[in-house]
Amino acid sequence: MPELPEVEIRRQYLETSSLYQPISHIDVEDNKLLTTNYATLLTTLVDRQFIGTQRVGKNLFVLTDQPDVIVHMHFGMTGDLEYYHNSINRPRFARIVFEFENGFNLGFLCPRKFERVGLIDDIDTFLQRKKIGKDGLAITLEELTERVRRKKALIKPVLLDQNVVAGLGNWIVDEVLFQAYIHPEQRADTLADEQMSQLHDAFRFVLETAIRYEATYRDFPIGFLIHVREWDDSPYDDVEAHKFCPRCKTRIERSVIGGRTTFYCPEEQVLL
DNA sequence: TTGACTGTTGTACT
DNA sequence: AAGTACAACAGTCA
């Protein structure tokens with residue numbers, strides 16, 4: 001479920017599994033998953049090695065031993081990585097496979113085909129072209145305040161906008177707003193200094209916690225709103241407890257804001 | 001069988 | 001210009 005923390009986990013995974021192994025071939029099941037012509041991808045990357053990684057928001061960049069050859073990966077809603085040895089072990093949905101000379105493979109799993117892989121020659125140029133904002137873990141309070149306050153839209157859609165700040169997705173925006181005691185429908189330009197400060201603190205808290213738990217939501221601390229989603233449709237009785245605010249026990253509200261399913265505590269996240 | 005879905009992009013309307 | 005709403009993408013899963 002690739003929001004910033006999941007992409008960070010995938011970055012670490014690629015970094016520890018797939019560097020310094022010459023690429024012998026790349027198998028692509030569906031060219032629609034590529035943002036670069038398949039023949040170009042092949043001739044450019046065969047005999048190259050991955051030498052490092054970088055992440056900005058939900059974008060993963062894989063550096064190669066040729067400085068102007070960089071692989072860009074976007075995981076869409078369901079993308080994942082799996083490093084495996086024998087082709088018999090090829091994971092389900094490994095629709096793009098980087099085959100290394102040592103017999104190992106890095107599979108890019110694309111269950112829904114919303115994922116994308118392609119070549120770029122410069123990260124900054126790419127980020128500028130796509131207007132990607134500062135990473136959620138790197139943005140300062142001042143930058144966040146400036147970017148949020150010049151928007152009149154609801155705070156939730158604003159935080160979801162990758163041009164404002166990069167890396168937050170639907171689940172994390174809800175969590176961040178919950179931790180910051182801010183209603184998802186408050187107008188972005190009406191946030192007080194104290195709210196901006198709470199918001200910025202919540203960014204770090206939620207993102208760092210998520211990464212620490214390797215983005216496995218069910219392991220998150222009990223004070224996290226995320227659990228109302230996790231067991232929303234569970235058949236078990238004790239699930240009811242998860243439908244209430246972990247702090248004040250009010251029933252969590254579910255609605256659609258900015259076209260996305262939204263959970264919030266109507267008692268603590270008051271509309272100002 | 002139906003509906004919902006973590007993301008992004010484009011279009012159309014206001 | 002900026003905000004809003006919505007569909008489309010293509011598949012899985014409950």
Side-chain angles (χ1 to χ4, degrees), chain A residues 1-10 28-35 55-60 72-82 91-96 107-118 126-127 129-133 135-136 147-178 184-191 206-207 209-211 213-220 224-236 239 254-264:
Chain A
M1 306 161 220
E3 302 188 34
L4 186 153
E6 292 96 331
V7 177
E8 174 60 19
I9 297 304
R10 285 153 178 67
V28 178
E29 184 187 298
D30 186 342
N31 285 353
K32 276 206 282 270
L33 299 167
L34 301 178
T35 53
R55 182 193 56 72
V56 177
K58 303 171 190 171
N59 300 279
L60 177 58
H72 169 247
M73 297 182 174
H74 194 288
F75 295 93
M77 289 217 262
T78 46
D80 205 353
L81 294 175
E82 192 169 329
R92 197 175 173 208
F93 311 129
R95 303 190 204 271
I96 298 177
F108 186 85
L109 281 50
C110 314
R112 280 176 68 183
K113 295 191 181 180
F114 276 17
E115 303 73 8
R116 292 294 178 267
V117 169
F126 175 86
L127 293 173
R129 183 167 55 80
K130 303 285 266 185
K131 298 192 178 73
I132 305 289
D135 187 82
R147 293 181 148 279
V148 165
R149 287 242 182 95
R150 70 180 177 207
K151 295 281 191 180
K152 288 192 174 73
L154 308 179
I155 186 63
K156 169 154 181 172
V158 166
L159 293 181
L160 240 18
D161 184 346
Q162 302 299 297
N163 304 337
V164 173
V165 52
L168 307 211
N170 199 32
W171 296 21
I172 289 187
V173 166
D174 280 3
E175 190 66 54
V176 163
L177 290 172
F178 174 73
E185 290 180 296
Q186 185 173 345
R187 298 273 159 188
D189 60 351
T190 67
L191 266 75
V206 171
L207 293 173
T209 303
I211 292 170
Y213 288 93
E214 298 188 334
T216 305
Y217 292 126
R218 66 175 173 282
D219 294 342
F220 287 8
F224 271 57
L225 180 70
I226 193 108
H227 300 296
V228 306
R229 290 171 181 271
E230 189 88 30
W231 291 291
D232 196 41
D233 299 317
S234 169
Y236 303 107
V239 182
R254 176 191 174 132
S255 62
V256 174
I257 297 172
R260 312 297 301 275
T261 298
T262 301
F263 293 92
Y264 64 95

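Quick note on labels: first sequence line is chain A, next is B, and so on, each numbered from 1. Keep in mind that what you see is a predicted model, and the values were worked out from it rather than measured.
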What does [X] touch in the nucleic acid at a heavy-atom separation under 4.0 angstrom: a base, only the sugar-phosphate, or nothing?
{"X": "G169(A)", "answer": "sugar-phosphate"}
{"X": "F75(A)", "answer": "nothing"}
{"X": "E115(A)", "answer": "nothing"}

Do any side-chain nitrogens or oxygens of [X] fall under 4.0 Å of OP1 or OP2 in [N]?
{"X": "K58(A)", "N": "dT8(B)", "result": "yes"}
{"X": "K151(A)", "N": "dA2(C)", "result": "no"}
{"X": "K152(A)", "N": "dA1(C)", "result": "no"}
{"X": "Q162(A)", "N": "dT8(B)", "result": "yes"}
{"X": "T78(A)", "N": "dG11(C)", "result": "no"}

Where the side chain of [X] is defined as all heavy atoms beyond and including C-beta, which of [options] is the nearest nucleotide?
{"X": "R95(A)", "options": "dG3(C), dG7(B), dG11(C)", "answer": "dG11(C)"}
{"X": "K113(A)", "options": "dT12(C), dA10(C), dG3(C)", "answer": "dA10(C)"}
{"X": "R187(A)", "options": "dG3(C), dT4(C), dG11(C)", "answer": "dT4(C)"}
{"X": "R254(A)", "options": "dT12(C), dC5(B), dG3(C)", "answer": "dC5(B)"}

Worksheet item: Where the side chain of R187(A) meets the backbone of K152(A), is there a donor-acceptor pair that is under 3.5 Å apart?
Response: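 Indeed, once roles are kept as given, a pair shorter than 3.5 Å links the two residues.
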
Worksheet entry | Base dC5(B) to side chain R112(A), donor-acceptor N/O within 3.5 Å cut-off |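 Side chain to base: pair found, below 3.5 Å.
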
Whole Å only: how far is the [atom1] atom of [X] from the [atom2] atom of [N]?
{"X": "F114(A)", "N": "dG7(B)", "atom1": "CZ", "atom2": "P", "result": "11 Å"}
{"X": "L160(A)", "N": "dG7(B)", "atom1": "CG", "atom2": "P", "result": "6 Å"}
{"X": "M77(A)", "N": "dC13(C)", "atom1": "CE", "atom2": "P", "result": "14 Å"}
{"X": "D161(A)", "N": "dA1(C)", "atom1": "CG", "atom2": "P", "result": "16 Å"}
{"X": "D189(A)", "N": "dA2(C)", "atom1": "CG", "atom2": "C1'", "result": "12 Å"}
{"X": "N59(A)", "N": "dG7(B)", "atom1": "CG", "atom2": "P", "result": "13 Å"}
{"X": "N163(A)", "N": "dA2(C)", "atom1": "CG", "atom2": "P", "result": "12 Å"}
{"X": "I155(A)", "N": "dG3(C)", "atom1": "CD1", "atom2": "C1'", "result": "14 Å"}

Practice prompt. Identify the residue among D161(A), L168(A), V173(A) that makes a side-chain contact (heavy atoms from CB on, under 4.5 Å) with K156(A).
Written response: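 Option passing the side-chain contact (heavy atoms from CB on, under 4.5 Å) with K156(A): V173(A).
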
Specify the closest pair of heavy atoms between [X] and [Y], including all atoms of both residues, with the distance to one decimal.
{"X": "F108(A)", "Y": "R116(A)", "result": "CZ-O, 4.2 Å"}
{"X": "L154(A)", "Y": "P184(A)", "result": "CB-O, 3.8 Å"}
{"X": "G133(A)", "Y": "V56(A)", "result": "O-CG1, 4.2 Å"}

Practice prompt. Report the base-pairing partner of dA10(C) (Watson-Crick or G-U wobble, both distances below 3.5 angstrom), or none.
Written response: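 Its partner is none (no Watson-Crick or G-U wobble pair with both distances under 3.5 Å).
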
Practice prompt. Would you kindly compare T261(A) and H74(A) by the position of their nearest DNA chain B nucleotide and give the one closer to the 5′ end?
Written response: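 That would be T261(A).
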
Fill in: DNA chain C: 5'-proximal contact among R92(A) and K32(A) (nearest heavy atom)
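Going by which nucleotide is closer to the 5' end, it is K32(A).
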
Practice prompt. Could you tell me how the ring of H74(A) sits relative to the ring of H72(A): parallel (under 30°), tilted (30 to 60°) or perpendicular (over 60°)?
Written response: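 H74(A) and H72(A): tilted rings.
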
